[in-house]
Amino acid sequence: MAKGRAGTEPDDIRRPQPHPFATAGDHDPTTFNRSGQTMADDKKLTPRDTDFSAWYNEVVLRAELADHSPVRGSMVIRPWGYGIWERMQRALDDMFKATGHENAYFPLLIPMSFIEREKEHVEGFKPELAVVTHAGGKELEEPLVVRPTSETVIYSMFAKWVQSYRDLPILMNQWANVMRWEMRTRLFLRTSEFLWQEGHTAHTTEREAEEETRRMLEVYRQFMEEWIAMPVVTGLKSESEKFAGALRTYTCEAMMQDGKALQAGTSHNLGQNFSKQFDLTYQSEAGTEEFAWNTSWGVSTRLVGGLVMTHGDDAGVVVPPRLAPTQVVIVPIFRKEEERVAVVEKAHQIRSRLHDAGVRVRVDDREHLNPGAKFWEWERKGVPFRIEIGPRDLAKGQVVVARRVTAEGEDRKAFLPEEEALANLPGLLDSFQDFLLERARAAREARTFRGVESIDELKEILETTPGGFVHSGWCGDPEVEERIQTETKATLRCIPDPEFRSETPPDRCIGGDAPSSAEVIWARAY
RNA sequence: CGGGGCGUGGCGCAGCUCGGUAGCGCGCCUGCUUUGGGAGCAGGAGGUCCCCGGUUCGAAUCCGGGCGCCCCGACCA
């Protein structure tokens with residue numbers, strides 16, 4: 001049976017299990033201090049099942065991933081969050097290079113007239129443009145737009161560079177910031193300014209452009225699963241959800257722990273829409289003048305938000321080892337001065353041996369915090385493994401290895417001989433990475449509902465916490481889509497690719513008696 | 001833009017009904033004792049109580065006007 005199938009019976013609607021956020025290995029963040037008092041509440045995070053959205057905000061701030069900037073709706077990405085983004089960038093960049101792409105950089109400001117060139121494109125972006133009207137103390141003759149995306153400048157430049165079919169394909173990417181003036185913002189998930197990568201290509205044939213669009217979608221899927229450990233459903237966007245100016249938009253949709261969908265990355269087949277507006281033509285082998293075919297594709301710092309909402313728990317963030325700026329933190333424990341000297345020295349020895357084995361590791365030898373405080377702090381930040389070394393361990397030649405999240409029935413801490421711990425850690429990091437992906441996949445499958453045949457049924461599922469992805473038939477009528485959106489607050493996430501479809505294709509449209517022309521997925525979304 | 005809430009040391013809040021010394025928890029600084037799951041004690045720093053105006057002998061508190069932020073709905077990676 002293909003991956004992504006939930007029930008053995010296609011018509012069987014699966015119900016979610018009662019406690020969506022329960023995770024093996026979660027531990028109760030309520031602890032007691034020495035006088036037996038509970039710790040002040042302000043040290044704990046709001047639990048996910050009390051208020052998921054409050055939990056998210058607190059986690060991002062208190063794990064020091066990001067902070068609000070003085071300008072409403074924009075954020076500062078702090079070193080821990082930026083370190084995760086840097087790892088993402090590096091991995092993606094390598095994948096782009098491996099598929100033949102080169103990086104370039106285009107400017108922040110775009111002439112207003114460029115944006116206005118492609119009709120659908122303007123309509124899509126106009127409401128969220130930030131416009132520069134004054135500079136150098138004078139009003140500008142033509143307003144400049146702070147790029148919301150760069151298709152228009154990039155294809156205007158491509159037009160300048162391309163003469164012959166021999167100049168194609170162009171496979172380019174840029175890492176940049178963009179600005180879209182949003183009404184409601186949330187750290188990482190939707191801010192006015194965000195960091196992203198936008199790939200832009202030009203081809204001689206429609207088929208080649210389509211292949212490129214699909215290839216990059218697959219690169220994204222693979223990256224999201226292998227690096228973020230975040231499984232995604234891939235598929236095609238409906239007309240109403242596609243990129244403004246594209247022929248077709250493909251998407252990666254991830255399910256967050258509250259059952260809502262996160263559009264994690266998109267890849268667009270732009271057809272000849274932009275090449276026609278910007279005169280991106282080439283002379284073919286036969287000597288005729290032809291318009292090029294374009295694609296564009298992007299992922300953003302939103303992925304950091306996706307990571308948090310996929311793996312985080314009530315103790316904080318959980319960062320998959322491959323993206324963790326620090327994979328292992330070593331906490332020395334001691335009482336007397338001579339113990340401190342010995343333990344800290346051992347900690348640094350272990351650090352340097354793990355470092356040589358390719359592990360990103362640091363020693364937390366701050367003296368003003370006791371070990372417990374350090375444990376909480378690094379767990380909140382999501383460091384995958386912690387090594388504790390105290391006098392008792394020193395005497396026994398062992399270390400304590402604690403995993404950030406444990407499987408059901410597994411002990412949180414393992415007492416291992418030093419050599420064994422050192423030898424095992426790279427493997428432990430790998431298996432933790434795998435564990436996170438499998439856990440996330442299971443969570444998604446548990447909240448994927450198939451064979452849903454009526455809007456009432458859809459509504460009922462979405463209103464039962466924590467919702468999820470609902471598969472149904474659809475006749476393809478945009479009016480039906482809009483009606484469902486209004487009635488259920490769910491959007492049509494995508495027409496899933498074959499491996500995510502149900503065993504038996506739905507035969508009727510969810511909106512009525514019309515025959516279904518495509519299986520689609522509904523969900524409330526970020 | 002509609003509905004709701006809130007602006008008081010860095011953060012979270014109390015005080016406002018009923019005007020009169022600005023307070024609590026966390027955090028921060030110094031010292032000593034501590035350190036195997038968010039340390040204890042002692043001392044200390046830190047405030048235009050969002051802004052403007054009014055009432056009053058006196059305003060964080062009452063009145064008027066502004067501004068800002070957050071949450072919930074209509075747009076979006």
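Sequence lines set the chain letters: A, B, ... in the order given, protein chains first and strands last, and positions in each chain run from 1. Note that these values count all heavy atoms, side chains included, but never hydrogens, waters or copies made by symmetry.
- Note on ring orientation: taking the six-membered ring where Trp is involved, the planes of A/Phe158 and A/Tyr155 are perpendicular (angle over 60°, cut-offs 30° and 60°).
- Across the P atoms, B/rA42 and B/rG12 are found 27 Å apart, a figure rounded to whole Å.
- If you check distances only, the side chain of A/Arg335 never reaches the base of B/rG36 with a donor-acceptor pair under 3.5 Å.
- Distance check on atom P: B/rC49 versus B/rG9 gives 10 Å, rounded to whole Å.
- Regarding A/Glu64, its CD atom lies at a distance of 13 Å from the C1' atom of B/rG27, rounded to whole Å.
- The base of B/rG37 lies close enough to the side chain of A/Glu379 for a donor and an acceptor atom to sit less than 3.5 Å apart.
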Before giving the answer on salt bridge (charged side-chain N to carboxylate O under 4.0 Å, His left out), spell out for A/Glu379 and A/Arg386 the whole-Å C-alpha distance, their side-chain angles and the decisive distance to 0.1 Å. CA-CA 9 Å; A/Glu379 283 173 15; A/Arg386 174 180 70 242; 2.8 Å; yes
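- Using the six-membered ring where Trp is involved, A/Trp227 and A/Phe223 have ring planes that are parallel, under 30° apart on the 30 and 60° scheme.
- If you take CG of A/Leu61 and C1' of B/rG12, they are 13 Å apart, rounded to a whole angstrom.
- Side-chain atoms of A/Tyr220 and A/Met95, non-hydrogen and from C-beta on, never get closer than 4.5 Å to each other.
- When both distances must be under 3.5 Å, the Watson-Crick or G-U wobble mate of B/rC69 is B/rG5.
- Residue A/Ile333 contributes atom CD1, which lies 9 Å from atom C1' of B/rG37 at whole-angstrom precision.
- The pairing partner recorded for B/rG25 is B/rC11, the criterion being a Watson-Crick or G-U wobble arrangement whose two distances lie under 3.5 angstrom.
- B/rA77 and B/rG40: their P atoms are spaced 49 Å apart (whole Å).
- Taking atom C1' in both B/rC24 and B/rG19, one finds a spacing of 22 Å when rounded to whole Å.
- A 3.5 Å limit on both hydrogen-bonding distances identifies no Watson-Crick or G-U partner for B/rC18.
- Spacing between atom CG of A/Leu369 and atom C1' of B/rU34 amounts to 13 Å, rounded to whole angstrom units.
- Annotation: of the two residues near RNA chain B, A/Tyr526 and A/Lys413, the 5′-most nearest-nucleotide partner is A/Lys413.
- The partner of B/rC32 is B/rG40, judged by Watson-Crick or G-U wobble contacts that both fall below 3.5 Å.
- B/rC63 and B/rU56 are spaced 16 Å apart, taking the P atom of each and rounding to whole Å.
- A cation-pi arrangement, defined by a distance under 6.0 Å to the six-membered ring centre and an angle within 45 degrees of its axis, is absent between A/Arg48 and A/Tyr56.
- Regarding A/Arg524, its CZ atom lies at a distance of 9 Å from the P atom of B/rG73, rounded to whole Å.
- In this structure, B/rA60 forms no base pair with any nucleotide, since neither Watson-Crick nor G-U wobble geometry is met with both distances under 3.5 Å.
- B/rC69 and B/rC51: their C1' atoms are spaced 14 Å apart (whole Å).
- Base pairing annotation: B/rC76 forms no Watson-Crick or G-U wobble pair, as no partner gives both donor-acceptor distances under 3.5 Å.
- Remark: the A/His268 side chain and the A/Thr249 side chain contain an N/O donor-acceptor pair separated by less than 3.5 Å.
- Both thresholds, 5.5 Å between centres and 30° between ring planes, are met by A/Trp376 relative to the base of B/rG38, so the two rings are stacked.
- Both A/Pro371 and A/Thr191 lie near RNA chain B, and the one whose nearest nucleotide falls closer to the 5' end is A/Pro371.
- Taking the C1' atom of each, B/rG68 and B/rU55 are spaced 26 Å apart, rounded to whole Å.
- With a 3.5 Å ceiling on both atom-pair distances, B/rU48 lacks any Watson-Crick or G-U wobble partner.
- Remark: the separation of the C1' atoms in B/rU17 and B/rC26 is 29 Å, to the nearest Å.
- A/Met183 places its CE atom 13 Å from the P atom of B/rG73, with the value rounded to the nearest Å.
- In this entry the distance linking CD of A/Glu339 with P of B/rG36 reads 12 Å, nearest Å.
- Residue A/Gly390 is classed as a base contact, given a heavy-atom separation below 4.0 Å to a base.
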